[in-house]
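Input: a single structure, listed below in structure tokens.
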Amino acid sequence: MHEKREKSSDLPPLPDAEGGVVMRFAPNPSGPLHLGHARASILNDYYVRRYGGSYIYRIEDTDPKRVVPEAYEMVREDLEWLGIAISDIVYQSDRLGIYYEYARRIIGIGGAYVCTCEAERFRELKLAKKACPCRDLTVEENLLRWEQMLDGTFIEGEATVRIRTEIDHPDPAIRDFSAMRIVNTTLHPRVDATVYPLMNFSVAIDDHLLGMTHVIRGKDHIANTRRQKYIFDYFGWKPPHYLHYGRMSIEGLVLSTSSMHQGIADGTFTGWDDIRLGTLRAMARRGIRPEAVRAAVIEIGCGGTDISFSWDNLFAKNRELIDKGSDRYFFVQDPVHLTVKDGPEQTAHAPLYPGDEERGYRTITFNGEILIPGKEMEGNDLIRLKDLFNIRVTGENTAVYAGDSLTEIRAAKGPIIQWLPPDQTVPCRILTPEGIISGVCEAGVAGCVGETIQFERFGFVRIDAVADGCVTAYFTHR
RNA sequence: GCUGAUAUAGUGUAGUCGGUCAAUCAUGUAGGACUCUCACUCCUACGACUGGGGUUCAAAUCCCCAUAUCAGCACCA
């Protein structure tokens, strides 16, 4: 029993890992981290923790057009929130000199050439398995061209360094892919440069130089892995072990950073932490705990199958984490006013957490006037005001005291609902992915900013802010 | 089109050397117990090996074909 439980929470072992591993998380700094990044960073983190070793956070900022300067800081915050144990940070933009050196070397040994064909022209040749004229240049000519890329003789789009593979390789994705290019129309926020490595080149060089032993990444990189192996081969390096996990789609969510970016720009979203986005900061704001994300990701594992991420599974893990720590309060959605006749003056003592009196009680004093959720009026005439007494609805806005008996209400199968006296509430709006729900809640909620609480019979929420006496909450989950 | 990866219940996962798998665990759904919440806890039920061949005494597990899904074929990562 115990063995099984442990087994299911353990991911399969990694080859050649017993002596420790060196792994990496290598995002492009184009925005904050989202669920997809969480998977990559957590899976790698899991194995580094399991086997020991180091975990390098490598910032792949070699495309000046795709660098969002604020992202450097956002990513670091997100990793911290996730609890990723980073041992080193490497900026690829600091390492351009290294890439230049290795580019020169690989050209020098005939493993690459400088191509001046137009991209479209090369593409046609490649698909026809035909070499372009540049491929036959001598090493000396290529080295000269390489110097000309660096000294500005060539400008953006005029030359690219290609790794020599097999021009008739069965997989067109492999044939003579690019390794270095010129970008002089966009400035890089961190460095002054015009020649940049393409991902496959810088990744291969760094994976070797930084001593990577294992690489876990999405299967969209399978072709890149094959390409990078050419570079390892040319230099005589031993490549790391690779593991490719499947694509992950998320129910009702757009994960692409660029579309999120656009949505924020045009006002569709309020920001990177808009509740409708799959960013980690959005989830944090909703009251999702990083441990829940980690548990969900570990459970998904490294399988190569394409999966659709289910919020239900994440929510279940989160509920397990936050339930005990979340105090209970009343929230009355779409309040309807009722005047209750003949009700005895009573004060309700509702536990902050049922089953644990030690945590204390909220006191709500009945004074003849109450607000109840509008939808509870439908089809119900006998209603139990939770922790108070029963009432019988007699009209649009009137009701009459109907005794204290709890057994009676149960026998009648009447609902036991939340309620509040109008003078003991604060307005409250709850932001959900589907829209805003408004109502009133207990005044005590105003003291819970930053915490997750549970609105009874409604669900868990995180109290985000209190302004002008009005509570703003984010819906976590039921 | 070419190259490759994957295919277990609504969702996620276990099952890696074929038999002990009419298939694990979680989530979900339904019902029940408990409870002054539709939460928590507990019980019960429901629900899957993509299809077709083959190898074998025996296949979810091996082989082949088909189908489906996804990815790559960028001077993005």
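Convention: sequence-line order gives letters A, B, ...; per-chain numbering from 1.
- Side-chain proximity of A:Asp306 to the nucleotides B:U69, B:C40, B:U37 is greatest for B:U69.
- Atom name C1', nucleotides B:A77 and B:U50: the rounded distance is 34 Å, in whole Å.
- Relative orientation of the A:Phe475 and A:Phe458 rings is perpendicular, given thresholds of 30° and 60° on the angle between their planes.
- One atom, CZ of A:Arg217, and another, C1' of B:C70, lie 17 Å apart when rounded to the nearest Å.
- As a whole-Å value, the separation of A:Leu406 CG from B:C36 C1' is 5 Å.
- In this structure B:A68 sits in a base pair with B:U6, meeting the Watson-Crick or G-U test at under 3.5 Å.
- Judged by the 6.0 Å distance and 45° axis criteria, A:Arg39 is not positioned over the aromatic ring of A:Phe309.
- Ranked by how close their nearest RNA chain B nucleotide is to the 5' end, A:Ala316 and A:Arg457 are led by A:Ala316.
- Under the 30°/60° scheme for interplanar angles, the aromatic rings of A:Tyr91 and A:Tyr72 are found to be tilted.
- Proximity note for A:Ile222 (side chain, C-beta onward) versus B:G72, B:G12, B:G4: the nearest is B:G4.
- Below 30°, between 30° and 60°, or above 60°: for A:His477 and A:Phe315 the angle between ring planes is between 30° and 60°, a tilted geometry.
- Here B:U11 is the nucleotide among B:A7, B:U11, B:G72 with the atom lying nearest to any side-chain atom of A:Ser308.
- The same atom, P, is picked in B:G18 and in B:C57; the two are 15 Å apart, to the nearest Å.
- A gap of 15 Å separates the P atoms of B:A59 and B:C21, to the nearest Å.
- One donor-acceptor pair, N or O on each side, does fall under 3.5 Å between the base of B:U11 and the side chain of A:Asn313.
- Between A:Ile383 atom CD1 and B:C36 atom C1' there is a gap of 14 Å when expressed in whole angstrom units.
- A:Pro197 comes within 4.0 angstrom of the backbone, heavy atoms only, and of no base.
- Atom C1' of B:G15 sits at a distance of 12 Å from the matching atom of B:C25, rounded to the whole Å.
- Contacts between residues 353-362 of chain A and RNA chain B, defined by a heavy-atom separation under 4.0 Å, are made by A:Pro354.
- Among the atoms of the strands shown, none is found under 4.0 Å from any heavy atom of A:Ile409.
- Pairing for B:G1 goes to B:C73, judged as Watson-Crick or G-U wobble with the two contacts each under 3.5 Å.
- Counting distance only, with no hydrogens placed and no angle test, the side-chain atoms of A:Arg123 and the base atoms of B:A74 include no donor-acceptor pair under 3.5 Å.
- Nucleotides B:C62 and B:U56 are separated by 10 Å at their C1' atoms, to the nearest Å.
- The CG-P distance, from A:Leu43 to B:U13, rounds to 11 Å in whole Å.
- Taking only side-chain nitrogens and oxygens, A:Lys126 comes nearer than 4.0 Å to OP1 or OP2 of B:A74.
- Base pairing analysis places B:U37 opposite nothing; no Watson-Crick or G-U wobble pair with both distances below 3.5 Å involves it.
- Base pairing of B:G18 is not made with any nucleotide, judged by Watson-Crick or G-U wobble geometry with both donor-acceptor distances under 3.5 Å.
- Comparing B:G4, B:C73, B:U6 against the side chain of A:Pro172 picks out B:C73 as the nearest.
- Proximity note for A:Met199 (side chain, C-beta onward) versus B:A77, B:G12, B:U8: the nearest is B:A77.
- Looking at which nucleotide of RNA chain B each of A:Arg39 and A:Gln418 is closest to, the 5′-most match is held by A:Arg39.
- For the OP1/OP2 pair of B:A77 and a distance below 4.0 Å, the side-chain nitrogens and oxygens of A:Thr62 include at least one atom meeting the criterion.
- When distances run from any side-chain atom of A:Lys386 to the nucleotides B:C38, B:C73, B:C36, the shortest one goes to B:C36.
- Using a 4.0 Å heavy-atom criterion, one finds that A:Glu376 contacts the bases of the nucleic acid, with or without backbone contacts as well.
- In this model, the phosphate group of B:A77 is not approached by any side-chain N or O of A:Arg66 to a distance below 4.0 Å at OP1 or OP2.
- A:Pro133 and A:Cys117 get closest at one heavy-atom pair: CD-SG, 4.1 Å.
- Between A:Tyr99 and A:Phe201, the distance from one ring center to the other does not fall under 6.0 angstrom.
- As rounded to whole Å, 18 Å separates atom P of B:A39 from atom CG of A:Asp327.
- Nucleotides B:C49 and B:G12 are separated by 15 Å at their P atoms, to the nearest Å.
- Of the possible polar contacts, none joining the A:Arg24 side chain to the A:Arg58 backbone as a donor-acceptor pair under 3.5 Å is found.
- Here the nucleotide nearest the side chain of A:Gln454, chosen from B:A26, B:C40, B:U37, is B:U37.
- In this structure B:U29 sits in a base pair with B:A45, meeting the Watson-Crick or G-U test at under 3.5 Å.
- Between the A:Asp323 side chain and the A:Arg319 main chain, no donor and acceptor come within less than 3.5 Å of each other.
- Of the candidates B:C36, B:A71, B:C75, the closest approach to any side-chain atom of A:Leu198 belongs to B:C75.
- Taking a pair to require two hydrogen-bonding distances under 3.5 Å in either a Watson-Crick or a G-U wobble arrangement, B:C62 pairs with B:G54.
- Contact between the side-chain N/O atoms of A:Arg162 and the OP1/OP2 oxygens of B:C75 is found at a separation under 4.0 Å.
- Taking both residues in full, the closest heavy atoms of A:Cys441 and A:Leu420 are given as C-CD1, 3.5 Å, listed atom of the first, atom of the second, then distance.
- Which of B:C36, B:U3, B:A39 sits closest to the side chain of A:Arg410 comes down to B:C36.
- In this entry the distance linking CE of A:Met248 with C1' of B:U11 reads 13 Å, nearest Å.
- A donor-acceptor pair is defined here as one N or O able to donate and one able to accept, closer than 3.5 Å; such a pair exists between the side chain of A:Arg50 and the backbone of A:Leu11.
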